[in-house]
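Here is the structure we will look at, set down as structure tokens.
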Amino acid sequence: WKELRRLEARAKEALSPSTLVDLGQVYINMGMIDHSLRVADEGLALFPQSDALKKLKKFAKKTQLNKAIKGLRVRLNKGPTPVLYKEIADLYLELGDFGAVHGTAEECIRRFPDDAGAYLVLAKARLTNFYRDISARDGIEAVRGLEKVVELDSENVKAHKLLAEVLYR
């Protein structure tokens with residue numbers, strides 16, 4: 001802890017992207033991911049062009065999301081629910097791991113075919129791929145998924161908005 005306090009003091013005295021990255025990495029090594037994200041955000045506010053701080057933030061966020069996924073997976077193994085599947089798939093979507101989103105959503109759909117949540121997450125992932133790659137297949141599958149969500153839950157505002165947006169474009 002002494003070394004950590006010394007590094008924190010050094011980061012305040014000699015404020016630079018490298019000292020902030022060093023501090024953020026120490027926080028990550030100690031499992032203090034929230035502190036690392038805070039340091040990265042504060043550093044990016046001061047040094048918005050710093051690639052090192054951007055990498056630190058990306059790594060800390062990835063670590064945080066993976067930790068959350070691991071915790072949700074433990075809960076899922078104890079008692080699967082559509083809500084847990086949706087939360088895990090949303091986290092994978094945030095990570096940009098579309099294969100894991102697809103696998104998690106498909107597993108949820110197999111277990112809970114009448115739950116709209118998995119269809120919605122899967123459609124959002126396909127929309128992301130469609131907009132990024134201009135892949136007609138992903139666009140068509142996204143529309144089908146959103147239509148399925150509306151079929152299962154006609155009051156799902158998010159699905160209606162996404163469907164309207166993709167059809168408008």
> Can you check side-chain contact (heavy atoms from CB on, under 4.5 Å) on L20 and F47, steps first, answer last?
Replying inline: CA-CA 10 Å; L20 292 172; F47 307 102; 4.1 Å; yes
Could you measure the distance from the [atom1] atom of [X] to the [atom2] atom of [Y]? Nearest 0.5 Å is fine.
| X | Y | atom1 | atom2 | value |
| --- | --- | --- | --- | --- |
| E42 | L23 | CD | CG | 9.5 Å |
| I88 | T104 | CD1 | OG1 | 6.5 Å |
| L91 | K67 | CG | NZ | 13.5 Å |
| L65 | E94 | CG | CD | 4.5 Å |

Okay, side chain of [X], backbone of [Y]: is any donor-acceptor separation there less than 3.5 Å?
| X | Y | answer |
| --- | --- | --- |
| H160 | S154 | yes |
| T128 | K124 | yes |
| N66 | K62 | yes |

> Does the side chain of R132 pick up a donor-acceptor pair with the side chain of N129 at under 3.5 Å?
Replying inline: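 R132 vs N129: donor-acceptor pair found between side chains.
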Taking all atoms of both residues into account, what is the closest heavy-atom pair of [X] and [Y], and its distance?
| X | Y | value |
| --- | --- | --- |
| S50 | P17 | OG-CB, 3.5 Å |
| A40 | K57 | CB-CB, 3.7 Å |
| L93 | V121 | CD2-O, 4.4 Å |
| L84 | G79 | CD1-O, 3.6 Å |
| A123 | G145 | CB-C, 4.2 Å |
| V39 | G24 | CG1-N, 4.3 Å |

Would you say [X] and [Y] are hydrophobically clustered, going by side-chain heavy atoms of ILVMFWY under 4.5 Å?
| X | Y | answer |
| --- | --- | --- |
| I140 | L163 | no |
| F130 | V101 | no |
| F98 | Y85 | yes |
| V143 | L152 | yes |
| I109 | V83 | no |

Report yes if the side chains of [X] and [Y] come closer than 4.5 Å at any heavy-atom pair, otherwise no.
| X | Y | result |
| --- | --- | --- |
| D22 | Q25 | yes |
| E155 | D153 | yes |
| L120 | L162 | yes |
| R126 | R144 | no |
| I69 | L95 | yes |

Salt bridge present between [X] and [Y] (N-O < 4.0 angstrom):
| X | Y | result |
| --- | --- | --- |
| E8 | R5 | yes |
| R38 | D34 | no |
| K148 | E151 | yes |

>> Evaluate L53 against L46 for side-chain contact (heavy atoms from CB on, under 4.5 Å), listing each step before the verdict.
In response: CA-CA 10 Å; L53 284 168; L46 297 169; over 6 Å; no
>> Assess the residue pair D51 and K55 against the criterion (salt bridge (charged side-chain N to carboxylate O under 4.0 Å, His left out)); give the C-alpha distance rounded to whole Å, side-chain angles, the decisive distance to 0.1 Å, and a yes or no.
In response: CA-CA 6 Å; D51 288 336; K55 286 179 186 176; over 6 Å; no
> For E106 and L122, what are the C-alpha separation, side-chain angles and deciding distance, and is it a side-chain contact (heavy atoms from CB on, under 4.5 Å)?
Replying inline: CA-CA 8 Å; E106 289 294 329; L122 193 53; 3.3 Å; yes
>> Set out, in order, the CA-CA distance, both residues' side-chain angles and the distance that settles side-chain contact (heavy atoms from CB on, under 4.5 Å) for L146 and L127, then state yes or no.
In response: CA-CA 10 Å; L146 291 169; L127 274 177; 4.0 Å; yes
